[in-house]
Amino acid sequence: MPAEWAPHAGCWMLWPQRRDTWRNGGKPAQRAFVEAAAQISRFERVTMGVNPDQFENARAMLPARVRVVELSNNDAWMRDTGPTFVANDAGVVRAVDWQFNAWGGLQKMVYFPWDLDELVPAKVAEIESLDRYQAPLVLEGGSIHVDGRGTLLATEQCLLHPNRNPERSKADIEQRLADYLGVSHIIWLPRGVYADETDGHIDNLCCFTGPGVVALTWTDDRGDPQYERSAEAFDRLSAAADAAGKPMQVHKIHQPDPMTMTEDEAAGLDVVDRAKHRPCGKRLAGSYINFYIANGAIIMPRFGDRRDEAAARKLAQLFPDREVIGIDSREILLGGGNLHCITQQQPAGAVP
């Protein structure tokens, strides 16, 4: 699996419309997705997958340079439901089709069913004429981060959670990651961001920004539940090395001030049978780490928070060859994720 900063052939997204995830019929979220797609498409091709009943609406709202294709889905988290792309030494790109159970299956009940989501990787591979590996592992793309040189980051909270692969040992999961992603070394962090509905996806907590270099969400507030999580991750990373034996360099990016769902925001959500309801006052898992690396740009979340500018400056330091672009992304956060969660990069390479 190439690093996210390697050249892209494009970016894949899915259109938001699920009324128990996205408030007010999805309209505020759709505007946020349009802004993200518009900015990313300045640097690389963006393909937006849409359900049939939203094709005309999405096509009308999105810039003409964004490709819109009919791609049925249950919700708009392309990072988790879409394929993970891998490439060999000859530059041939293929898709990995993980098993998907909506972040915990019937135990978690985020939503049901997720049958359309399970078909997204196969359809993307068909559209792009790519061969596909069907991996025997329940896994979401947001639960892994790689440096493209054999090292993978993940949290024990997520990948070892009994609602994903209860029959598999840690060693067995490590072997599957090695088999399907070509990694040789895994750095396990204990837990993800506090109140993250995904059971601790790594892409909200920590990510590679270069070989041997990571960015970690941080808070100085020892009374915040996130402090202990970030501190234990920092200690684990500080003692770790990558696949090449290089000690990890850790850059802290302070999280935004704690945010909660307002009464008005919660009132805009439909309550649907057999789906998780998001109540007023729920803590939102806000993090600046959930950014997207595009060709020539960093597309980062902004929250109207006092720490927005400091986060942007830090990302500019970490990616001096890329333009840092902020997107007002609270509407995406209200749905349970952020910019990295709604995107999936397709690496450049030779097509067989």
For residues P83 and R132, determine if any side-chain heavy atom of one lies less than 4.5 Å from a side-chain heavy atom of the other.
no
Quick one about Q17 and D53 (side-chain donor to acceptor, distance below 3.5 Å, no hydrogens or angles considered), yes or no?
yes
E265 with R330: basic N within carboxylate O range, under 4.0 Å
yes
Is it the case that W103 and D80 place a side-chain donor and acceptor less than 3.5 Å from each other?
yes
Test your reading of the model: is there a side-chain donor-acceptor pair from K246 to the backbone of P211, 3.5 Å cut-off?
yes
Strictly by modelled atom types, are N338 and S329 linked by a side-chain donor-acceptor pair under 3.5 Å?
yes
Do the side chain of N165 and the main chain of V138 share a donor and acceptor less than 3.5 angstrom apart?
yes
Do F303 and L334 sit in the same hydrophobic cluster, where Ile, Leu, Val, Met, Phe, Trp and Tyr count as joined when their side-chain heavy atoms come under 4.5 Å apart?
yes
Give a yes-or-no answer on whether the side chains of S143 and E140 include a donor-acceptor pair shorter than 3.5 Å.
no
Under 6.0 Å between ring centres: does that hold for W22 and F33?
yes
Can a donor-acceptor pair be found between the side chains of N204 and Y288 at a distance below 3.5 Å?
no
Min side-chain heavy-atom separation W114-D75 under 4.5 Å:
no
When you compare the side chains of W188 and T155, does any donor N or O come within less than 3.5 Å of an acceptor on the partner?
no
Whether the T260 and R283 side chains hold a donor-acceptor pair (N or O, under 3.5 Å, no angle test) is what I'd like checked.
no
Of E323, R322, Q317, the residue whose pairing with F319 passes side-chain contact (heavy atoms from CB on, under 4.5 Å)
R322
Taking side chain as C-beta onward, heavy atoms only, is V93 less than 4.5 Å from L130?
yes
Pick one: which of R79, H340, H8 meets side chain to side chain donor-acceptor pair (under 3.5 Å) with Q345?
R79
Would you kindly say whether Q39 and R42 are connected by a side-chain donor-acceptor distance under 3.5 Å?
yes
Using salt bridge (charged side-chain N to carboxylate O under 4.0 Å, His left out) as the criterion, point out the one residue from R302, R23, R31 that pairs with E331.
R23
Determine the minimum heavy-atom distance between A37 and V66, stating which atoms define it.
O-CG2, 4.0 Å
Tell me, do F100 and W77 make a side-chain contact under 4.5 Å, heavy atoms counted?
no
Does this structure show an ion pair linking K108 with D199, if we count only N-O contacts that are shorter than 4.0 Å?
yes
Using distance alone, with no hydrogens and no angle criterion, decide if R229 and Y194 have a side-chain donor and acceptor under 3.5 Å apart.
no
Is F43 atom CZ crowded by more than 12 heavy atoms from other residues, nucleotides or ligands, each under 6.0 Å away?
yes
Contact check, side chains of I325 and I298, non-hydrogen atoms, under 4.5 Å
no
For the pair K282 and E197, find out whether any cationic side-chain nitrogen is under 4.0 Å from an anionic carboxylate oxygen.
yes
Side-chain heavy-atom pair Q134, Y180 within 4.5 angstrom cut-off:
no
Is it true that atom CZ of R45 has more than 12 heavy atoms of other residues, nucleotides or ligands lying nearer than 6.0 Å?
yes
Under a 4.5 Å cut-off applied to non-hydrogen side-chain atoms, are R307 and P256 in contact?
no
Can you tell if the side chain of L14 reaches within under 4.5 Å of the side chain of T81, non-hydrogen atoms only?
yes
Report yes or no: do Q54 and N57 form a side-chain donor-acceptor pair below 3.5 Å?
yes
With distance as the sole criterion, is a donor-acceptor pair present between the side chains of Q255 and Q226 under 3.5 Å?
no
Side-chain ion pair, R191 and D196, N-O less than 4.0 Å
no
Going by an N to O cut-off under 4.0 Å, is there a salt bridge joining D308 and R306?
no
Does T21 use its side chain to pair, donor to acceptor, with the backbone of G335 at less than 3.5 Å?
no
Look at atom CG of D321 and say whether more than 12 heavy atoms of other residues, nucleotides or ligands are closer to it than 6.0 Å.
yes
